[in-house]
Novice: 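Pasting a structure below so you can have a look.
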Amino acid sequence: MALLHNPLRNKGTGFTDAERAALGLRGLLPPAVLTQDQQVERTMGNLRQLTSALDKFVALNALHDRNEALFFRCVIDYPDEIMPLIYTPTVGLACQQYGQIFQRPRGMFVSARDRGRLAELFRNWPERKVGIIVVTDGERILGLGDLGANGMGIPVGKLSLYTACAGVRPELCLPVMLDVGTNNPALLADPLYIGIKQPRLRGAEYDALFDEFICAAQAAFPGVVVQFEDFANLNAFRLLEKYRDRVCCFNDDIQGTAAVALAGLYSAVRANRARLADQRLLFLGAGEAATGICDLVVAALAGEGLPEAEARRRCWLVDSKGLVVRSRTDLAEHKRRYAHEHAPVQDFRSAIEVLGPTAIIGVAAVGQAFNRQVLETMARVNARPIVFALSNPTSQAECTAEEAYRWTEGRALFACGSPFEPVTLGGQRFVPRQGNNSYIFPGVGLGLIAAQARRASDAMFLAAARALADQVTAKDLAQGSLYPALSRVREVSAHIAAAVVKVAVAEGVAGVKRRVRLLEFVRAQMYDPHYRSFV
């Protein structure tokens, strides 16, 4: 019975007669033996009968809890259908209602009340070999804000994608919720809220808990990769700077988003037969995502020979108070390096008019900010405007795919953060694809684990962006797709992982020696969710 309750080993009705006899399972299962393919067919049939995305999320979560191999077979076989259910956009709704739909724990909940005993907590985790941790404090979940401990849905979802998209073995994955309280009054008043009901820790108390977490995690799981996820700007930049040279860690909202956006830009300029150095980028948003993208674009341009100061002039930010310019006295530190000499401009459309950008990139989670006037202005100043509406969930998207194509007369080079259906306009069928971090972070994580890397460098994310762009075919570009099909994501992740390993070895931060056949090396470590025989 313990075997049937172990999701890493359970096959349910997939256990053969021989396995049932050898493992003491006779009588504990109905007599019929089903193949895994039959189980996938049954699971998908049941899933499609459900009408709401949240109900489907709950059903998939329950499957994940009882049979991981079958769960990942469904994700891998039907990525376009399942990934939006287990991650964006559905995971945002699931996090908002996490207390209502909570069934059983997955991952570790580390709260402020555990201060001083985190080493003991990590000893409670049943797996002794952990390769990667995704940790959040729940303060800035997607575009939804402070969801406190309900944000645990994000690390769980992210690590599901590590396994599905890049083959990182599920037992190597550990989701962590760092519960430091919440400032969300609705959660504090909710009797079903699963977290501690206190205001968020700040300052020295917060830093002490986080430092204890990092030290305890490294002691329990030496060399573990740590991904910071959905931290507010207040903590995101400084935590990354504090720990990036101490442990192998990265912030997906800063570095992962940057890499996937840069890959989309590489595809867009290729479709335009232009150069990255000829682009002028205007961002709606000036937080982690925007400045992270800017930093990686600058690194890419510097690698092509453009002076750094000139490369920075290619990137402009608009925040809630207008264009980020040098004369403003209200700028946070991370915005100042992209504050250029220019007269103040109050709104986004006016910034387009005066700057004439070739690309607009939305990362501020302001729904419908790319309205008809904005898109028509971009179409007027560009033959083929680059329009990236990267905020998610869907309710926070700057525009839909149909709006982007229709209001630019089908000339937009479009990428989105949330999934949109193909659009037919003027006899042409456009297939928009998500500029989703799931194209980047799983492959990066696999590469870091495979390389036994001691650090995660910016050069690795630059290599990941190039590797992703290289996987976009001419056929993809012809239909308006700036990213590969999700059905190819495991192949894409293998190429990204190989690129990361190559950089890690070159930089001297790898625990493995230089490899000749890097692609074969990483593919050999990828998890295959097809059932294996136990006898």
Side-chain angles (χ1 to χ4, degrees), residues 36-37 39-41 43-45 47-48 53 56-57 60 63-64 68-91 157-168 170 256 259-260 263-264 266-267 270-271 392 394 401 414-424 429-447 464-499 519 522-523 525-530:
Q36 192 181 35
D37 288 342
Q39 291 179 316
V40 170
E41 183 180 356
T43 299
M44 296 304 299
L47 194 69
R48 288 163 182 156
K56 294 179 181 182
F57 176 93
L60 287 165
L63 175 62
H64 194 184
E68 294 218 0
L70 181 57
F71 170 80
F72 286 115
R73 268 294 307 275
C74 292
V75 181
I76 292 168
D77 289 359
Y78 298 93
D80 291 293
E81 188 171 353
I82 303 297
M83 283 177 59
L85 296 173
I86 64 172
Y87 202 63
T88 56
T90 307
V91 72
K158 283 275 184 179
L159 286 166
S160 295
L161 296 186
Y162 268 106
T163 300
C165 298
V168 176
V260 79
Y266 279 139
S267 295
R270 179 177 154 203
N392 54 52
T394 310
F414 177 73
C416 43
S418 295
F420 290 108
E421 293 297 317
V423 175
T424 300
R429 186 174 185 266
F430 298 94
V431 182
R433 291 198 177 128
Q434 287 179 265
N436 194 301
N437 292 19
S438 59
Y439 280 114
I440 289 289
F441 69 80
V444 169
L446 174 63
R466 287 174 174 149
L468 173 56
D470 286 344
Q471 294 302 306
V472 178
T473 66
K475 183 178 178 181
D476 290 327
L477 295 179
Q479 64 182 15
S481 301
L482 303 183
Y483 296 95
L486 273 178
S487 59
R488 295 183 55 223
V489 70
R490 282 171 72 91
E491 176 189 351
V492 170
S493 293
H495 283 274
I496 290 173
L519 207 53
V522 297
R523 281 175 173 159
Q525 302 184 52
M526 294 175 71
Y527 166 73
D528 180 357
H530 290 81

Novice: Are side-chain heavy atoms of V260 and N436 found at a separation under 4.5 Å?
Specialist: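 The answer is no, as the side chains (C-beta and beyond) never meet within the 4.5 Å cut-off.
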Novice: What's the verdict on side-chain contact (heavy atoms from CB on, under 4.5 Å) for F420 and T394, showing C-alpha distance, side-chain angles and the deciding distance?
Specialist: CA-CA 9 Å; F420 290 108; T394 310; 4.1 Å; yes
Novice: Does Y162 have any ring-ring contact (aromatic ring centres under 6.0 Å, His included) partners at least two apart in sequence or in another chain, and if so, which?
Specialist: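 Checked Y162 against ring-ring contact (aromatic ring centres under 6.0 Å, His included); matches are F441.
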Novice: Compute the centroid of each ring, for Y439 and then for Y483, and state whether the two points are separated by less than 6.0 Å.
Specialist: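 Distance test on ring centres: under 6.0 Å, yes.
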Novice: When rounded to the nearest 0.5 angstrom, what distance separates OG1 in T163 from CG in L446?
Specialist: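 Those atoms lie 10.5 Å apart.
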Novice: Grab the two heavy atoms, one from F72 and one from P529, that are nearest each other, plus how far apart they are.
Specialist: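 What the structure gives for the nearest pair is CB-CB, 3.9 Å.
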Novice: Could you go through F71 and I86, starting from their C-alpha distance and side-chain angles, then the distance that decides it, and tell me whether this counts as side-chain contact (heavy atoms from CB on, under 4.5 Å)?
Specialist: CA-CA 11 Å; F71 170 80; I86 64 172; 4.1 Å; yes
Novice: Can you tell me how far the CG atom of L60 sits from the OG atom of S160, to the nearest 0.5 Å?
Specialist: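 Here the rounded value is 9.5 Å.
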Novice: With side-chain contact (heavy atoms from CB on, under 4.5 Å) as the criterion, how do V472 and L477 come out once you've worked through the C-alpha distance, each side chain's angles and the decisive distance to 0.1 Å?
Specialist: CA-CA 7 Å; V472 178; L477 295 179; 3.8 Å; yes
Novice: Do Q434 and N392 make a side-chain contact, defined as non-hydrogen atoms from C-beta onward lying under 4.5 Å apart?
Specialist: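 They are not in contact (no side-chain heavy atoms under 4.5 Å apart), so the answer is no.
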Novice: Taking atom CE of M44 and atom CZ of R73, what is their separation to the nearest 0.5 Å?
Specialist: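 Answer for the CE-CZ pair, M44 versus R73, is 11.5 Å.
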Novice: For L85 and F57: C-alpha separation, side-chain torsions, deciding distance, then whether side-chain contact (heavy atoms from CB on, under 4.5 Å) applies.
Specialist: CA-CA 6 Å; L85 296 173; F57 176 93; 5.5 Å; no
Novice: Please report the shortest heavy-atom distance between A166 and P442, naming the atom on each side.
Specialist: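 What the structure gives for the nearest pair is CB-O, 3.3 Å.
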Novice: Which heavy-atom pair separates H530 from Q36 by the least distance, and what is that distance?
Specialist: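 Closest heavy-atom pair between H530 and Q36: CA-OE1, 3.3 Å.
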Novice: Going from SG on C165 to CD on E491, what distance comes out if it is rounded to the nearest 0.5 angstrom?
Specialist: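 If we round to the nearest 0.5 Å, C165:SG and E491:CD are 13.5 Å apart.
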Novice: How long is the span from the CZ atom in R488 to the NE2 atom in H495, to the nearest 0.5 Å?
Specialist: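 Between atom CZ of R488 and atom NE2 of H495 there are 7.5 Å.
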Novice: G435 and A415: which non-hydrogen atoms are nearest, and at how many Å?
Specialist: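 That closest heavy-atom pairing would be N-CB, 4.5 Å.
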Novice: Compare every heavy atom of N437 with every heavy atom of G256, then report the nearest pair and how far apart it is.
Specialist: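 Here G256 and N437 meet closest at C-ND2, 3.8 Å.
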Novice: Nearest heavy-atom pair of L47 and K56: which atoms, and what distance?
Specialist: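 Heavy atoms of L47 and K56 come nearest at O-CE, 3.4 Å.
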Novice: So with a 6.0 Å cut-off around CD of E41, is the heavy-atom count from everything else above 12?
Specialist: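 Open.
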Novice: For S481, what residues pass the side-chain contact (heavy atoms from CB on, under 4.5 Å) criterion, not counting sequence neighbours?
Specialist: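 If we apply the side-chain contact (heavy atoms from CB on, under 4.5 Å) test to S481, skipping adjacent residues, the hits are V431, R433, D476, Q479.
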Novice: About how many Å separate CG of L468 and OG of S493, when rounded to the nearest 0.5 Å?
Specialist: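 Between S493 OG and L468 CG, I get 9.0 Å after rounding to 0.5 Å.
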